[in-house]
Undergrad: 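My questions all concern the structure below.
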Amino acid sequence: MADIAALAAALDGIELSSDRALLRQKSRDFYWYSPILKKQLDGKSGDLYARPKDEAEVLRILAACRAARVPVTTRGGGTGNYGQCVPLEGGVILDMTAMAKPIAITDGVVDVECGMKMIDLDLWARDQGWELKLWPSTKRTATIGGFVAGGGAGVGGIAHGTMRERGNLVGARVATMQDPPVVLDLEGDDASPVNRTYGTTGIMTRIRLPLTPAQDWRDIAIGFEKFTDASAFALALSFADGIPKKMCGVFDSQLPPFFRGIADSVPAGQSLVLTMVAPSGLRALRDLAREHNGTFLAEQSTVEAERDPDKTPFYEYCWNHTTLQVLKKDRGVSYLQCRFPFEDTLAAVEAVRIPFRDEVWMHTECVRFGGRITMSALPVIRWTSEARIYEIIAAFEAAGLGIANPHVLTIEEGSNYRRVPGDQLGFKQRTDPLGLLNPGKMRDFSPVETAA
Ligand code: FAD
């Protein structure tokens, strides 16, 4: 058992706390969306909270933790939904939110400290004519480090793919758990081992990301009598290269009544498409909607809505916010994360929507992977039991869907491919040989040095 008081003494001068209530609060994320993870993770807690203000303090914390064999679990906004931030073996909670400065934009690439909130970063870039290519629907609370380490898909995916797309992560500065801890400055493919590895391979202190020219995005809500028309419209919009867009989500008719703020605009029984389109594409969007029997229901400026705490930008009904909007009114649901095939996408959506319609409320998001368009799904699911969710997963997989299971703790099991890509495992063996970084989250890792 590590001596936490001695560790705290060794970290004198750094912002620390061992207040139990704070530790409990900072040891949680949104894992409770999954009744399975809730059972496994409720009550887990770190032993010491540390909030470094710069890279030197990060290195001091890592060195002291390595010496004392104390695990370190990093945290940004704490909005992950796989329990990524939950310390399974106690230890130090490393809160990165004090390292939140933008450094510079050079040739369209932003260099930023990892604890910066994505909304602040986007607004700062926007003042210089740029915007983020990608953001999660939690943009108003998530940090950029947490998005790269724990998320990586979302708004912008219809145009730019995911964070895993080569070029979407230019580079990162990464503090390691070697003896002694060092900072690596990684570029391009060399930075991939920190991409969606839940802080198990190193602590990112700074990130470099490509930006895209800022647009005055319009949030548009379009209603459809038939879900199949909504779905066909969304896919057609994804392929319409003449219409600049940032997002397109499709919702079966059970879902819009949960969307406080726009529910009253959606006629009962209608399916809904929520999209973000640049002003230059609005006329073409109307023509496309008419072709698919869609009716414009509501419109607002995305940027104005996100700057106003009382307003809801439409992306806060999309991606995993759909589940949150339903959970606000009905705690008896959970969700899945799925990916449809590239071919016959709409038929694949119907193949799982129709038979499960009483318990699975379909919600899809249009997205590119490797330059090809398809739909991801984050359907809301009436929760009955663990056995039932695995029956649904099996049926979805049999229909050709990839499942990124959100009811599991490890990176591998939560991925479509059930393994970590590239050399992430080998990288961790080099940068964290004792396995002290967020232990238990990379399934295939075993310590290469003994902790004695
Ligand atoms: P945290 O939850 O604090 O951390 C996430 C992981 O990253 C943890 O494993 C943590 O250890 C690690 N980490 C954090 N900072 C660092 C760092 N500096 N160095 C190394 N590791 C670090 N995700 C999406 O991708 N797209 C979405 O659209 C989306 N929508 C969501 C909607 C809701 C309502 C909720 C609850 C979650 C959603 N998520 C989504 C998941 C999550 O919000 C995002 O991935 C978000 O970007 C995480 O950022 P964060 O700062 O909250 O990270």
Side-chain angles (χ1 to χ4, degrees), residues 26-34 46 52 55 58 62 71-88 92-100 112-121 132 134-157 162-164 172-177 183 191 193-207 247 249 315-328 335 337 363 365 367 376 378 380 404 406 409-411 414 431-432 437-442:
K26 299 294 182 186
S27 297
R28 292 173 63 84
D29 61 15
F30 281 72
Y31 66 80
W32 55 268
Y33 275 27
S34 160
E55 210 169 73
V58 171
L62 295 183
V72 174
T73 303
T74 311
R75 178 180 183 88
T79 66
N81 45 272
Y82 284 78
Q84 293 108 311
C85 276
V86 179
L88 300 181
V92 166
I93 306 292
L94 185 72
D95 182 333
M96 296 300 287
T97 56
M99 294 177 62
V112 56
E113 287 189 335
C114 282
M116 189 167 190
K117 270 197 201 171
M118 295 187 77
I119 180 77
D120 296 338
L121 176 58
L132 290 170
L134 300 172
W135 65 74
S137 59
T138 44
K139 178 188 187 184
R140 295 206 277 189
T141 40
T143 63
I144 188 65
F147 183 57
V148 174
V155 180
T162 68
M163 273 308 305
R164 283 271 169 79
R173 284 176 68 81
V174 180
T176 71
M177 226 357 162
V183 172
V194 289
N195 206 338
R196 205 164 193 282
T197 38
Y198 298 2
T200 59
T201 53
I203 314 304
M204 283 180 273
T205 55
R206 271 163 60 174
I207 294 185
M247 179 190 81
Y315 62 74
E316 287 183 3
Y317 301 114
C318 291
W319 291 91
N320 213 1
H321 261 76
T322 309
T323 320
L324 180 61
Q325 299 294 354
V326 178
L327 280 166
K328 281 181 190 168
Y335 74 117
Q337 298 186 166
H363 156 214
E365 297 284 344
V367 63
S376 289
L378 292 97
V380 175
L409 276 175
T410 64
I411 305 166
T431 54
D432 182 27
L437 294 177
N438 207 354
K441 304 291 172 57
M442 191 183 275

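What's counted below: heavy atoms across the whole structure, side chains too, no hydrogens, waters or symmetry copies. Counting starts at 1 for both ligands and their atoms, following the listed order. This chain uses plain numbering: 1 for the first residue, then up along the sequence.
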Undergrad: Parallel, tilted or perpendicular for Tyr33 and Tyr335, by the 30°/60° rule?
TA: perpendicular
Undergrad: Treating Gln84 as the side-chain partner and Tyr198 as the backbone partner, does any N or O pair qualify as donor plus acceptor under 3.5 Å?
TA: no
Undergrad: Search all heavy atoms of Met99 against all heavy atoms of Glu55 and return the closest pair with its distance.
TA: CE-N, 3.7 Å
Undergrad: Do any nitrogen or oxygen atoms of Thr73 come within less than 3.5 Å of a nitrogen or oxygen of ligand 1?
TA: no
Undergrad: Any N or O of Thr143 that comes nearer than 3.5 Å to an N or O of ligand 1?
TA: yes
Undergrad: When you compare ligand 1 with Gly77, is there at least one nitrogen or oxygen pair between them that comes in under 3.5 angstrom?
TA: yes
Undergrad: Do Ser27 and Pro87 have side-chain heavy atoms sitting under 4.5 Å apart?
TA: yes
Undergrad: Out of all atoms in ligand 1, which are within 4.0 Å of some heavy atom of Asn438? Include the element for each.
TA: 9 (O), 11 (O)
Undergrad: Does only the side chain of Asp29 get under 4.0 Å from ligand 1, or the backbone, or both, or neither? Count heavy atoms.
TA: neither
Undergrad: Could you walk me through whether Leu378 and Thr322 pass the side chain to side chain contact (heavy atoms under 4.5 Å, CB included) check?
TA: CA-CA 8 Å; Leu378 292 97; Thr322 309; 5.9 Å; no
Undergrad: Between Ser137 and ligand 1, is there a nitrogen or oxygen pair with a distance under 3.5 Å?
TA: yes
Undergrad: Short question: side chain of Lys117, backbone of Ala100 - any donor-acceptor pair under 3.5 Å?
TA: no
Undergrad: What residue and atom, counting heavy atoms only, is the protein's closest point to atom 48 (C) of ligand 1, and at what distance?
TA: Thr79 OG1, 3.4 Å
Undergrad: Any N or O of Ala153 that comes nearer than 3.5 Å to an N or O of ligand 1?
TA: yes
Undergrad: Going by distance only, is there an N or O of Met204 that falls short of 3.5 Å from an N or O of ligand 1?
TA: yes
Undergrad: Considering only the protein, which heavy-atom contact is closest to atom 45 (O) of ligand 1, and what is its distance?
TA: Gly151 CA, 3.2 Å
Undergrad: Among Gly202, Ala149, Gly152, whose heavy atom sits nearest atom 13 (N) of ligand 1?
TA: Ala149
Undergrad: Would Ile203 and Met96 count as a side chain to side chain contact (heavy atoms under 4.5 Å, CB included) if you check the C-alpha gap in whole Å, the side-chain angles of each, and the deciding distance to 0.1 Å?
TA: CA-CA 9 Å; Ile203 314 304; Met96 296 300 287; 3.9 Å; yes
Undergrad: What is the nearest protein non-hydrogen atom to atom 29 (C) of ligand 1, stated with its residue, atom name and distance?
TA: Pro136 CB, 3.7 Å
Undergrad: Report yes or no: does Thr138 contribute a side-chain atom to a donor-acceptor pair with the main-chain N or O of Thr141 at less than 3.5 Å?
TA: no
Undergrad: Pairs of nitrogen or oxygen atoms closer than 3.5 Å, one from Gly154 and one from ligand 1: do any exist?
TA: no
Undergrad: For side chain to side chain contact (heavy atoms under 4.5 Å, CB included), just list the numbers for Trp32 and Leu327, CA-CA rounded to whole Å, side-chain angles, deciding distance to a tenth of an Å, and then say yes or no.
TA: CA-CA 11 Å; Trp32 55 268; Leu327 280 166; 3.9 Å; yes
Undergrad: To the nearest 0.1 Å, how far is atom 34 (C) of ligand 1 from its closest protein heavy atom, and which atom is that?
TA: Tyr33 OH, 3.1 Å
Undergrad: Please check: side-chain N/O of Thr431 versus main-chain N/O of Thr176, any donor-acceptor pairing under 3.5 Å?
TA: no
Undergrad: How close does the nearest protein non-hydrogen atom get to atom 11 (O) of ligand 1, and which residue and atom is it?
TA: Thr74 O, 2.6 Å
Undergrad: As an exercise, identify every atom of ligand 1 less than 4.0 angstrom from a heavy atom of Cys114.
TA: 18 (N)
Undergrad: Who gets closest to atom 37 (C) of ligand 1 by heavy atom: Asn81, Leu134, Leu324?
TA: Asn81
Undergrad: Starting from atom 53 (O) of ligand 1, find the nearest protein heavy-atom neighbour and note its residue, name and distance.
TA: Gly146 CA, 3.2 Å
Undergrad: Using distance alone, determine whether His321 and ligand 1 share an N or O pair under 3.5 Å.
TA: no
Undergrad: Heavy-atom contacts with Met96 under 4.0 Å: which atoms of ligand 1 show up? List them by number with element.
TA: 18 (N)
Undergrad: Is it true that a side-chain atom of Arg206 and a backbone atom of Val112 form a donor plus acceptor pair closer than 3.5 Å?
TA: no
Undergrad: Output the list of atoms in ligand 1 that are nearer than 4.0 Å to some heavy atom of Gln84, sorted by atom number.
TA: 6 (C), 8 (C), 9 (O)
Undergrad: With heavy-atom distances below 4.5 Å as the criterion, would you say the side chains of Arg196 and Thr162 are in contact?
TA: no
Undergrad: Below the 3.5 angstrom mark, is there an N/O of Gly76, backbone or side chain, next to an N/O of ligand 1?
TA: yes
Undergrad: Given 3.5 Å as the limit, does a donor-acceptor pair link the side chain of Lys26 with the main chain of Gly78, or not?
TA: no
Undergrad: At a 4.0 Å threshold, what atoms of ligand 1 neighbour a non-hydrogen atom of Gly199?
TA: 20 (C), 21 (N)
Undergrad: Could you tell me which atoms of ligand 1, counted from 1 in the order shown, lie closer than 4.0 angstrom to a heavy atom of Phe30?
TA: 36 (C)
Undergrad: Starting from atom 4 (O) of ligand 1, find the nearest protein heavy-atom neighbour and note its residue, name and distance.
TA: Cys85 SG, 3.5 Å
Undergrad: So if I count the atoms of ligand 1 from 1 in the order they appear, which ones are less than 4.0 Å from some heavy atom of Gly78?
TA: 1 (P), 2 (O), 3 (O), 50 (P), 52 (O)
Undergrad: Using modelled atom types only, decide if a donor and an acceptor are shared between the side chain of Thr201 and the backbone of Pro193 within a distance under 3.5 Å.
TA: yes
Undergrad: With distance as the sole test, does Gln325 use its side chain to make a donor-acceptor pair with the main-chain N or O of Glu316 at under 3.5 Å?
TA: yes
Undergrad: Start with the C-alpha gap between Thr323 and His363, add the side-chain angles, then the distance that decides, and say whether side chain to side chain contact (heavy atoms under 4.5 Å, CB included) holds.
TA: CA-CA 10 Å; Thr323 320; His363 156 214; 5.9 Å; no
Undergrad: Is the closest N or O pair between Ala142 and ligand 1 shorter than 3.5 Å?
TA: no
Undergrad: So which heavy atom in the protein is nearest atom 2 (O) of ligand 1, and how far is it from that ligand atom?
TA: Gly80 N, 2.8 Å
Undergrad: Where do Val72 and Leu94 come nearest, in terms of heavy atoms and distance?
TA: CG1-CB, 3.9 Å
Undergrad: Could you list the atoms of ligand 1 found under 4.0 angstrom from a heavy atom of Arg75?
TA: 3 (O)
